[in-house]
Novice: 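Structure provided below as structure tokens; questions to follow.
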Amino acid sequence: CDSPAAARLVTSRPDPDPVPEWARASRTGDLAAFEALFRHLQPFLLRMARQYADDATAADAVQETFARLWERRDRIDPDRSVRALLAQSVRNRLLNANRNASNRQALLDAQGHTADAPARPDDIAHHASLAERLRALLQALPERQQVAITLTRFEGLSHSEAAVAMDCSARTVNNHIVRGLRTLRERLLALDPDAL
């Protein structure tokens, strides 16, 4: 072990990946470790995000993903790839945003509106009323169904990501979503048969 060749082998080993250690420290609220994690992974995530969106949208998605990670830092699992988790979160966020934009445009087209033409006031009032009723109905669901729907439908998490956040399997998340959406649909139709 004292040979010069062995010494060169020991000193030539690459440094260990600092991400798991930063993730571990971030989990306990260490802001400096979180900032190091951000500085280290942001360039990679931006390059990846630009495959799905323009520069500004990609930067926003990366920023929002890190903000969500900080909010949920106590759930960081340093034994899993934080890099992969963040990449998947950014990708899902951008794909969901693209899908939502397409859905919005399709809805506008179906209603005879264009993106440049404002909606009629009665349409706006109807949609606002419907959104308010949906919020109230969502809050009346059992907590796990409410959380599963909120994470996947409104916050853009995949079923797998929601499963991590809810500490259950992706299949369980899916079951909560199916039951919750069925209940929402039934209750909304009971209030207003023309709602859907």
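Reckoned from all heavy atoms, side chains included, excluding hydrogens, waters and symmetry mates. Since the model is a prediction, treat every value here as computed from it, not as a measurement.
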Novice: What's the spacing between Arg24 CZ and Asp79 CG if we round to 0.5 Å?
Specialist: 5.5 Å
Novice: Is any side-chain heavy atom of Ser89 closer than 4.5 Å to one of Arg68?
Specialist: no
Novice: Is Glu161 close to Leu151 at the side-chain level, that is, under 4.5 Å between some pair of heavy atoms?
Specialist: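 No, every pair of side-chain atoms sits at 4.5 Å or beyond.
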Novice: Can you tell if the side chain of Cys168 reaches within under 4.5 Å of the side chain of Arg144, non-hydrogen atoms only?
Specialist: yes
Novice: Considering non-hydrogen atoms only, spot the tightest contact between Thr152 and Ser158 and give its length.
Specialist: CG2-O, 4.2 Å
Novice: When rounded to the nearest 0.5 angstrom, what distance separates CD in Gln139 from OG1 in Thr150?
Specialist: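 Those atoms lie 9.0 Å apart.
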Novice: Below 30° counts as parallel, above 60° as perpendicular, anything between as tilted: where do the rings of Phe66 and Phe34 land?
Specialist: perpendicular
Novice: Answer yes or no: is there a side-chain heavy-atom contact under 4.5 Å between Arg80 and Val164?
Specialist: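 Contact flag for Arg80/Val164 side chains = yes.
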Novice: Measuring from atom CG of Leu69 to atom CD1 of Ile76, what distance do you get when rounded to the nearest 0.5 angstrom?
Specialist: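 One gets 4.0 Å once the value is rounded to the nearest 0.5 Å.
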Novice: Show the nearest heavy-atom pair for residues Val82 and Ala23, with the distance to one decimal.
Specialist: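 Scanning both residues completely, I find the closest heavy atoms to be CG2-CB, 3.6 Å.
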Novice: Roughly how far, to the nearest 0.5 Å, is CE of Met48 from CD of Gln51?
Specialist: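 Between atom CD of Gln51 and atom CE of Met48 there are 7.5 Å.
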Novice: Taking all heavy atoms of Arg27 and all of Asp74, pick out the closest pair and write down the distance.
Specialist: CZ-O, 3.1 Å
Novice: Return the minimal non-hydrogen interatomic distance between Ala33 and Ser26, and the atom names on each side.
Specialist: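 Taking every non-hydrogen atom into account, C-OG, 3.6 Å.
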Novice: Is there a side-chain contact between Thr65 and Arg93 (heavy atoms, below 4.5 Å)?
Specialist: yes
Novice: Taking Arg73 for its side chain and Trp70 for its backbone only, find out whether a donor-acceptor pair lies under 3.5 Å.
Specialist: yes
Novice: Ala53 and Leu94: which non-hydrogen atoms are nearest, and at how many Å?
Specialist: CB-CD2, 3.9 Å
Novice: Working to the nearest 0.5 Å, report the span between CG of Leu181 and CD of Gln145.
Specialist: 9.0 Å
Novice: Are any of the side-chain heavy atoms of Leu85 and Asp77 separated by less than 4.5 Å?
Specialist: no
Novice: Is the shortest heavy-atom distance from the side chain of Phe38 to the side chain of Gln63 under 4.5 Å?
Specialist: yes
Novice: Sequence neighbours left out, what passes salt bridge (charged side-chain N to carboxylate O under 4.0 Å, His left out) with Arg83? Give chain and number order.
Specialist: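 With neighbours one apart ignored, the set is Asp17.
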Novice: Does a side-chain heavy-atom distance below 4.5 Å link Asp167 with Arg75?
Specialist: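 Not touching, per the 4.5 Å side-chain cut-off.
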Novice: Minimum heavy-atom separation for Leu184 to Leu138, with atom names?
Specialist: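 Closest approach of Leu184 to Leu138, heavy atoms only: CD2-N, 3.6 Å.
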